[in-house]
Amino acid sequence: MTTVTQEAGAPFGAAPPSGDAAIVTRGLTKRFKGGQVAVDALDLTVPRGSVFGFLGPNGSGKTTTIRMLLGLVAPTEGEYSVLGLPLGRALPKVGAVVEGPAFYPYLSGAANLMRFDAADPTARRATAARRIADALERVGLSAAAGKRYRNYSLGMRQRLAIAAALLGPRELLVLDEPTNGLDPQGTREVRALVKEIAADGTTVFVSSHLLAEVEQMCTHAAIMRTGRLVAEGTIASLNGGVVTRIRVETPDPAGAARVLTGLGLADVRAEGREVTAELGGHAPERINAALVGEDVAVRGLAVVRPSLEDVFVGLTGEGFDVDG
Amino acid sequence: MSTGDGATPGTATLGRRTPGLVPVTETMRTSERRAPEPPPAAAPEPPEPAARAMGAFWRLLGSELGLTFRRPRNLVMLAVLAMVPVVVGVALRAFGSGDDDMSGIVQDVAGNSLMLTFVSFSFLVLLLMPVAVSVVAGDSIAGEAGGGTLRYLLAAPAGRTRLLAVKYLNAAVYAYAVTAVVALSALVTGLILFPAGDVTLLSGTTISLGDGLLRIAVAVAYVGAGMAALAAVAVALSTFTEVPIGAIAGTMVLVIVCQVLRAIPELAVITPYLLPTWFTNFDAVLRAPIDMGALGEGLLAFGAYIVLFGSIAWARFSGKDITS
């Protein structure tokens, strides 16, 4: 097996069945001909069985990294491994959606899948029709199987791309912005599909610029910014970097602040009719009882858990969608 | 920079030595300047039987041929080419009969049905047939790149050398199809419009109808080889662009420039190096006996062009970053 040992935080959710990782990169660098560095010394470890969110603003090097992992772009420096195998043997076990769907417009959905199945030297012709029907069924395109790709809506095209990634038994699924162009309904369906696939033990590596989406779907995440990795770990460990706060809405902010300080909460801040403080180990219901006991009217009480967005802002001091 | 083709032997050996990791610098050394080789899928894979790999290769070639010969554009080109011998035959029949100063060609055709095939070839071989062949061959890689399907084929993984071999064989088959369609159409038209029977050759010798048909078959084999050599040029250009029309137009410009150069007497020394010079050598079959020397020289030139441009295509395509 591979000599690369698994790093990163303790796995969360599905535990990796073996000690090796689905994807490992060491010092992976891509410098394009113009001198522009798209990916800069990337060290990434994607544990087997994880749903790994690969985050970053547009232009941060996510797609270039994925293209390198799939052998489409040659790295300038560094090394990488996919499923611990030489790339030619790993790729048949990898399903991929790279930078949106691309199919032959004059072929039907099913004929398109047959075409890509024919390109895989390990796929068997005898089982192709069955596997194509299953993949179309899985993404809800069975009814449109015979329709030309030209006439597919954007959402159907995206689903067909996911169906192509599910044509064979996969150990790793690489999805680059899989919910791009989908309506809210379609986005939910893709999320459900990803969870279902992950439940079968398949590792899912999903890139996105939507933090909320990754937070809902993933067990692990890495954050890229201008070609560099700025954070990597389980969602829980990433969120751990930013503290949970309690927020009290009240007409008496001064009183509330006094009570919170009295309870020993740190970093008490009053802004207008809102008072916030670090929750620490305190139980929110006890805080509420204390406020009411001190005759502070409470209009609203909320525990504000940090989102990945806060993590990102904390790490880079910038809004997520700000392009470098 | 050819880490892209993970299936090359260099990468795989490496994979065995350092399990999982693919050091980039070494892959570059071992596989960058390797000569074109047969589909590598079978080479390093331990248990995969060679028969299985061959089966997968034929399946991909079948898929490619299916796309080519179902695509309306390609069929229209074949239909147009099939029309030309009909038009020529009808014109010769209509204007040739009763005219006292018939030229040599008209006399030949009017005298025997088989001659229409050779007349049609000499009309078509320098421009229209090359157009049809360069459309299909020039589109081969560039069309997939432009449509984005190339990244999915390579991620399938089709394998770069394997895909290039399939693309070239497909173009060569189309080149032969073009040649055969012209010959067949001319033969049928000739047999309908003109008397069948013994054929009088350029040298004045008379041969039987059966022998004449045999000579047509030899001419088809020769002209097809010439078109297949042109296809190698177009496929090579196709690996340099993502715009198919660029590769198609580039090939046509080369063909036309060659014709111009051949027309300049001062440049007679270079004409043996120009591909179209050899296209018209098919008339060697009209000598008695067949001028094997002329055919052999032509085939040698075609072979040289296929090897040269095949190598250029392979060198370019195996190391290319696929960013479309």
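The sequence lines fix the lettering, A, B, ..., with proteins before strands; numbering per chain opens at 1.
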| request: Kindly assign one of parallel, tilted or perpendicular to the pair A:Phe116 and B:Tyr152, based on the angle between their ring planes and the thresholds 30° and 60°. | output: perpendicular

| request: Sort A:Ala111 into side chain, backbone, both or neither according to what part of it lies under 4.5 angstrom from a heavy atom of chain B. | output: neither

| field | Interchain contact, B:Glu64 with chain A, by part (heavy-atom threshold 4.5 Å) | value | both

| Within 6.0 Å of CZ in A:Arg228, more than 12 heavy atoms from elsewhere | no

| Are B:Thr323 and A:Val73 close enough that some pair of their side-chain heavy atoms sits under 4.5 Å apart? | yes

| In this structure, are over 12 heavy atoms from other groups packed under 6.0 Å from B:Arg73 atom CZ? | yes

| note | Interface check, chain B: of A:Ala165, A:Ala161, A:Gly100, most non-hydrogen pairs under 4.5 Å belong to A:Gly100

| request: Can you measure from CG (A:Leu72) to CG (B:Leu150) and round to the nearest 0.5 angstrom? | output: 8.0 Å

| request: Would you name the heavy atoms of B:Pro157 and A:Gly88 that are closest together and state the gap between them? | output: CG-O, 4.1 Å

| request: Using a cut-off of 6.0 Å, state whether more than 12 heavy atoms not belonging to A:Arg148 lie near its atom CZ. | output: no

| request: Answer with side chain, backbone, both or neither: which region of A:Tyr104 has an atom nearer than 4.5 Å to a non-hydrogen atom of chain B? | output: both

| Pick from A:Thr63, A:Asp117, A:Val94 with the largest number of heavy-atom pairs that fall under 4.5 Å of chain B | A:Asp117

| query | So which of B:Gly62, B:Gly66, B:Ser324 has the largest heavy-atom pair count under 4.5 angstrom toward chain A? | reply | B:Ser324

| By a 4.5 Å heavy-atom criterion (distance strictly below it), what part of B:Leu67 contacts chain A: side chain, backbone, both, or neither? | side chain

| message | Taking side chain as everything from C-beta outward and backbone as N, CA, C, O, which of these in A:Arg67 sits under 4.5 Å from a heavy atom of chain B? Side chain, backbone, both or neither. | response | side chain

| query | So does A:Arg125 have more than 12 non-hydrogen atoms from other groups sitting under 6.0 Å from CZ? | reply | no

| Carboxylate-amine/guanidinium proximity below 4.0 Å for A:Lys30 and B:Asp321 | yes

| task | Return yes if some donor-acceptor pair links the side-chain N/O of B:Arg151 with the main-chain N/O of A:Val98 below 3.5 Å, else return no. | result | yes

| Contact origin within B:Arg71 toward chain A - heavy atom pairs under 4.5 Å | side chain

| Closest non-hydrogen atom pair between B:Ala155 and A:Leu70, with its separation | CB-CD1, 4.4 Å

| request: Go through A:Asn112, A:Val97, A:Leu167 and name the one with the most non-hydrogen pairs under 4.5 angstrom from chain B. | output: A:Val97

| Which atom of B:Leu153 lies closest to which atom of A:Arg115, heavy atoms considered | CD1-NH2, 3.8 Å

| Looking at A:Ala102 and B:Gly147, what are the two nearest heavy atoms and their distance? | CB-O, 3.4 Å

| request: Can you tell which part of A:Pro101 gets under 4.5 Å to a heavy atom of chain B, answering side chain, backbone, both or neither? | output: backbone

| Region of A:Met114 in contact with chain B, defined by heavy-atom distances below 4.5 Å | both

| field | A:Leu107 portion near chain B, given a 4.5 angstrom heavy-atom threshold | value | side chain

